[in-house]
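In what follows, every chain begins at residue 1, and chains take the letters A, B, ... in the order their sequences are listed. Just so we're clear, the structure is a prediction, and the values are computed from it rather than from any experiment.
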Amino acid sequence: MKVSKLVSFLNSKYPFKISSREPFKVLISTILSQRTRDENTEIASSNLFSKYTTPQAIADARLEDIESPIKPAGFYRVKARRIREISRIILRRFNGRVPSSFEELLTLPGVGRKTANCVLVFAYGKDALPVDTHVHRISNRLGLVSSRTPHQTEAKLKSVIPKRHWKPINAQLVQFGREICRPINPQCSICGLNALCQFRKKRLQIKQK
DNA sequence: AAAACGGGGGC
DNA sequence: GCCCCAGTTTT
């Protein structure tokens with residue numbers, strides 16, 4: 001699989017558009033998006049930010065008043081607790097601003113590699129490449145990488161894909177993974193990349209037997 | 001390494 | 001009604 005082929009395919013089929021670059025909104029929206037479909041993330045995020053706009057407001061809110069608006073995102077109890085704690089930590093320890101280093105972001109509850117990288121690239125324009133299950137699975141199927149963990153996939157992708165293409169990759173591959181390159185029952189027959197795909201080739205060989 | 005967290009949507 | 005889902009933390 002040639003990287004240039006993949007990039008041009010993704011750019012033509014999944015034009016990239018980011019809604020907010022405000023660090024606090026990016027961070028909270030990304031927390032809400034964990035294990036949650038995009039439509040439900042949007043609703044939950046919109047509900048929450050129409051009620052509270054600042055870290056201070058969320059830090060002072062009652063837990064149940066945070067839980068209620070974010071219910072559509074699922075995991076709403078744990079997410080509400082983490083969102084309020086994140087707001088309090090940001091106020092107390094980071095002078096009211098979302099930290100802009102990977103290490104500091106990882107100290108926030110509910111923030112792992114993927115979420116921290118989303119904040120770095122979408123809010124601060126840094127050279128980060130968030131890797132989730134879709135990116136991990138698809139990169140291996142296409143033969144871009146051969147790795148066991150998302151962390152290894154991230155390192156390999158960054159060495160193979162030019163920096164200027166890193167930002168849209170995650171969102172594009174997630175969308176591609178949802179409708180075509182699914183975890184199970186992948187729609188290989190209608191996939192625009194099937195001629196170049198190792199996974200597709202192996203599936204066909206297996207079917208032959 | 002596996003479990004737990006969860007409402008919403010596909011089937 | 002059953003199963004899965006833009007992760008992270010805890011056991």
Task: Ionic contact status for A:Arg62 with A:Glu64, cut-off 4.0 Å - done: yes
Open item on the list: Nearest 0.5 angstrom please: A:Lys2 NZ to A:Ser8 OG, how far?
Closed with: 11.5 Å
Open item on the list: Rounding to an integer number of Å, can you tell me how far A:Asn185 CG sits from B:dG10 P?
Closed with: 16 Å
Open item on the list: Once you apply a heavy-atom cut-off of 4.0 Å, does A:Pro130 come out as touching a base, just sugar-phosphate, or nothing?
Closed with: nothing
- [ ] Quick one: the dot-bracket string of DNA chain B, using Watson-Crick and G-U wobble pairs with both distances under 3.5 Å, [ ] for crossing pairs and | for bases paired to another strand.
- [x] |||||.|||||
TODO: Would you mind listing every ring pair (Phe, Tyr, Trp, His ring centres under 6.0 Å) that reaches into residues 147-183 of chain A, with sequence neighbours excluded?
DONE: A:Phe9-A:Phe176
Task: DNA chain C-proximal residues of residues 148-178 of chain A, any heavy atom under 4.0 Å - done: A:Val174, A:Arg178
Open item on the list: Between A:Asn40 and A:Leu32, is there a side-chain heavy-atom distance shorter than 4.5 Å?
Closed with: no
TODO: Evaluate whether atom NZ of A:Lys156 has more than 12 neighbouring non-hydrogen atoms of other residues, nucleotides or ligands under 6.0 angstrom away.
DONE: no
TODO: Please state whether the base of C:dC5 and the side chain of A:Arg37 form at least one donor-acceptor pair under 3.5 Å?
DONE: yes
Polar atom pairs (N or O), protein with nucleotides 7-9 of chain C, under 3.5 Å:
unit_1	atom_1	unit_2	atom_2	d
C:dG7	OP1	A:Thr133	OG1	3.3
C:dG7	OP2	A:Arg35	N	3.3
C:dG7	O5'	A:Arg35	N	3.4
C:dT8	OP1	A:Gly112	N	3.0
C:dT8	OP1	A:Gly112	O	3.4
C:dT8	OP1	A:Lys114	N	3.4
C:dT8	OP1	A:Thr115	N	2.9
C:dT8	OP1	A:Thr115	OG1	2.9
C:dT9	OP1	A:Gly110	N	3.0
C:dT9	O4'	A:Arg82	NH2	3.4

Open item on the list: Within the 4.5 Å heavy-atom criterion, are A:Phe199 and A:Leu142 side-chain neighbours or not?
Closed with: no
Open item on the list: Under 4.0 Å, counting only non-hydrogen atoms across every strand here, what does A:Asn40 touch: a base, just sugar-phosphate, or nothing?
Closed with: sugar-phosphate
Task: Side-chain H-bond candidate by donor/acceptor type, A:Ser29 with A:Ser45, under 3.5 Å - done: yes
- [ ] Quick one: list whatever passes side chain to side chain donor-acceptor pair (under 3.5 Å) with A:Asn47, sequence neighbours left out.
- [x] none
TODO: Give the rounded distance in Å between these two atoms: CD of A:Glu179 and C1' of B:dG10.
DONE: 15 Å
Task: Span that lies between the P atom of C:dG1 and that of B:dG6, in whole angstrom - done: 23 Å
Open item on the list: With heavy-atom distances below 4.5 Å as the criterion, would you say the side chains of A:Arg200 and A:Cys191 are in contact?
Closed with: no
TODO: Return the value, rounded to whole Å, for the distance between atom CZ of A:Arg182 and atom P of C:dC5.
DONE: 11 Å
Task: Whole-Å distance separating the NZ atom of A:Lys79 from the C1' atom of B:dG6 - done: 8 Å
Task: Side-chain heavy atoms of A:Lys167 within contact of A:Phe122, under 4.5 Å - done: yes
Task: Listed partners of A:Lys25 passing side-chain contact (heavy atoms from CB on, under 4.5 Å), at least two apart - done: A:Ser20, A:Glu22, A:Phe49
Open item on the list: In whole Å, measure the gap between the P atoms of C:dT8 and B:dG8 for me.
Closed with: 23 Å
TODO: May I ask you to decide if A:Pro109's main-chain N or O and A:Arg82's side chain share a donor-acceptor pair within less than 3.5 Å?
DONE: no
Open item on the list: How many whole angstroms separate atom CD1 of A:Ile31 from atom C1' of B:dC5?
Closed with: 14 Å
- [ ] Please state the P separation for the pair C:dC4 and B:dA3 - nearest whole angstrom.
- [x] 14 Å
- [ ] Taking only the side-chain nitrogens and oxygens of A:Tyr76, find out if one of them lies under 4.0 Å from OP1 or OP2 of B:dG6.
- [x] no
